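Report on the following structure.
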Amino acid sequence: MAEEKYAILSENSDMVLGEAILMERRGSTMTMKLLDDVKFLNGLELIKFHKMQSYAEIYQGKITEIKGNLLSLSEVVNISAKMRNEIKIKIRIDTKLIQLFPEEEEKIPISIPITTNDISCGGIGFVSKANLDKENKYEVVIHVTSDPIVVDLDIVRKEFQPEQNQYVYGSKFSDLNIVEERMLREAIFRLQMRRHHKRIMEEKNR
């Protein structure tokens with residue numbers, strides 16, 4: 001039987017804290033063997049984690065005991081449905097926002113340079129010099145997935161930063177399908193794991 005490996009996430013789910021292998025699962029209880037120093041769990045009562053072979057499933061569990069490198073959890077539940085907007089990664093990528101117009105206006109779509117602050121399965125945070133109207137329709141090219149995807153989005157937050165002469169925006173995707181969401185979630189987890197391994201190597205080399 002192949003081992004089940006899990007990534008343990010930070011409280012706000014934008015960072016992988018550590019890795020673990022499933023030792024036993026009975027109903028809503030689990031025992032996992034930690035592959036990283038257990039200190040990263042200090043102060044935590046609940047943890048979120050996902051199976052590294054399946055990006056669709058995300059869980060939460062209550063820490064009941066840490067003995068050596070063995071972690072015991074209770075009240076384990078699948079929280080995938082409510083984690084759609086919370087799984088994110090802070091990442092700066094230069095890309096384009098495309099402003100769309102109704103067909104009857106016969107206008108050519110406008111390309112607007114933006115830089116992302118973070119990407120989640122629910123939307124992106126980004127900055128731009130452009131003063132964008134929340135009422136307009138936009139689409140964005142997402143480059144972090146294995147194949148770039150183009151997604152419609154709506155702007156939900158807007159703030160001007162005079163010192164940088166730029167606007168900070170929050171947006172939500174309006175047409176992300178199941179396949180695209182899985183691709184995006186996989187890309188986010190892959191980037192999180194890459195950063196985690198880099199962090200571990202840097203600590204070992206100090």
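Since the model is a prediction, treat every value here as computed from it, not as a measurement. For the single chain, residues carry numbers from 1 onward in sequence order.
Counting only distance, with no hydrogens or angles, the side chain of Lys51 and the backbone of Glu4 share no donor-acceptor pair below 3.5 Å. Ser128 places a side-chain N or O within 3.5 Å of a backbone atom of Pro113 that can act as its donor or acceptor partner. Judged purely by atom type and a 3.5 angstrom limit, Ser171 uses its side chain to pair as donor or acceptor with the backbone of Ile124.
Taking the side chain as every heavy atom from C-beta outward, Arg185 and Glu181 approach each other to under 4.5 Å. No side-chain heavy atom of Glu139 sits under 4.5 Å from any side-chain heavy atom of Phe173. Put simply, the side chain of Thr95 reaches to within 4.5 Å of the side chain of Ile114, judged on heavy atoms. Taking 4.5 Å as the limit, some side-chain heavy atom of Lys172 sits within range of a side-chain heavy atom of Val156. Between Leu184 and Glu180, the closest side-chain pair of non-hydrogen atoms is not below 4.5 Å. Looking at Arg157 and Glu159, their side chains never come closer than 4.5 Å, going by heavy atoms from C-beta outward. Contact annotation: the side chain of His143 never approaches that of Ile149 to less than 4.5 Å [non-hydrogen atoms, C-beta and beyond]. Side-chain contact between Thr64 and Leu73 is absent, with no heavy atoms from C-beta onward closer than 4.5 Å.
Around atom CD of Glu45, no more than 12 heavy atoms belonging to other residues, nucleotides or ligands sit under 6.0 Å away. The local environment of CD in Glu135 is sparse, with at most 12 non-hydrogen atoms from other residues, nucleotides or ligands closer than 6.0 Å.
When all heavy atoms are compared, the tightest approach of Thr31 to Ser72 is OG1-OG, 4.0 Å. Ile108 and Phe101 make their closest contact through O-CE1, 3.5 Å (heavy atoms, listed as atom of the first residue, atom of the second, distance). Smallest separation of non-hydrogen atoms from Gln192 and Lys88: NE2-O, 3.1 Å. The two residues Ile91 and Thr116 have their closest heavy-atom pair at O-OG1, 2.8 Å. Ile8 approaches Phe40 most closely through the heavy-atom pair CD1-CZ, 3.9 Å. Closest of all the heavy-atom pairs between Leu17 and Leu9 is CD1-O, 3.7 Å.
Taking OH of Tyr138 as the start and CD1 of Ile110 as the end, the distance is 8.5 Å to the nearest 0.5 Å. The distance from the NZ atom of Lys90 to the CG atom of Asn117 is 9.5 Å, given to the nearest 0.5 Å. Interatomic distance, NZ of Lys129 versus CD1 of Ile112, reported as 15.0 Å (0.5 Å rounding). Separating the CG atom in Leu71 from the NZ atom in Lys33 is a distance of 13.5 Å, to the nearest 0.5 Å. Note that NZ of Lys137 is 10.5 Å distant from CD1 of Ile155, once rounded to the nearest 0.5 Å. Note that CD of Gln99 is 14.5 Å distant from NZ of Lys96, once rounded to the nearest 0.5 Å.
With respect to the salt-bridge test (charged N to carboxylate O, under 4.0 angstrom), the residues Asp154 and Lys134 do not qualify. Of the charged side-chain nitrogens involved, none lies within less than 4.0 Å of a carboxylate oxygen, so that Arg182 and Glu186 do not count as a salt-bridged pair.
Note on ring orientation: taking the six-membered ring where Trp is involved, the planes of Tyr6 and Tyr59 are perpendicular (angle over 60°, cut-offs 30° and 60°).
Residue Lys62 is tested with Thr29, Leu46, Val77 for a side-chain contact (heavy atoms from CB on, under 4.5 Å); the sole match is Leu46.
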- Item | Test log, rule side-chain contact (heavy atoms from CB on, under 4.5 Å), inputs Phe126 and Asp118 | CA-CA 7 Å; Phe126 64 93; Asp118 58 71; over 6 Å; no
- Task: Check step by step if side-chain contact (heavy atoms from CB on, under 4.5 Å) holds for Arg190 and Arg194.
- Result: CA-CA 6 Å; Arg190 186 181 67 247; Arg194 188 180 300 167; 3.7 Å; yes
- Task: Begin from the C-alpha positions of Val140 and Ile98 and carry the test side-chain contact (heavy atoms from CB on, under 4.5 Å) through to its verdict.
- Result: CA-CA 6 Å; Val140 66; Ile98 309 299; over 6 Å; no
- Message: Apply side-chain contact (heavy atoms from CB on, under 4.5 Å) to residues Ile89 and Phe189 and explain how you reach the verdict.
- Response: CA-CA 8 Å; Ile89 187 165; Phe189 284 144; over 6 Å; no
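No single ILVMFWY cluster, assembled from side-chain heavy atoms under 4.5 Å apart, contains both Val127 and Val144. In the hydrophobic clustering of this structure, Val76 groups with Ile47; members are Ile, Leu, Val, Met, Phe, Trp, Tyr whose side-chain heavy atoms approach within less than 4.5 Å, directly or through other members. Transitive grouping of hydrophobic side chains (ILVMFWY, heavy atoms separated by less than 4.5 Å) keeps Met193 and Met201 in distinct clusters. Linking Ile, Leu, Val, Met, Phe, Trp and Tyr whenever their side-chain heavy atoms come within less than 4.5 Å leaves Val141 and Met183 in two separate clusters. Under the 4.5 Å side-chain contact rule for hydrophobic residues, Leu153 and Ile93 share a cluster.
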Compile the donor-acceptor pairs under 3.5 Å between side chains in residues 18-26 and protein atoms, sequence neighbours left out, one pair per line.
| residue | atom | partner | partner atom | Å |
| --- | --- | --- | --- | --- |
| Glu19 | OE1 | Lys5 | NZ | 3.2 |
| Glu19 | OE2 | His197 | NE2 | 2.7 |
| Glu24 | OE2 | Arg26 | NE | 3.1 |
| Glu24 | OE2 | Arg26 | NH2 | 3.2 |

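Counting only N and O atoms by type, the side chains of Asp94 and Thr115 include a donor and acceptor under 3.5 Å apart.
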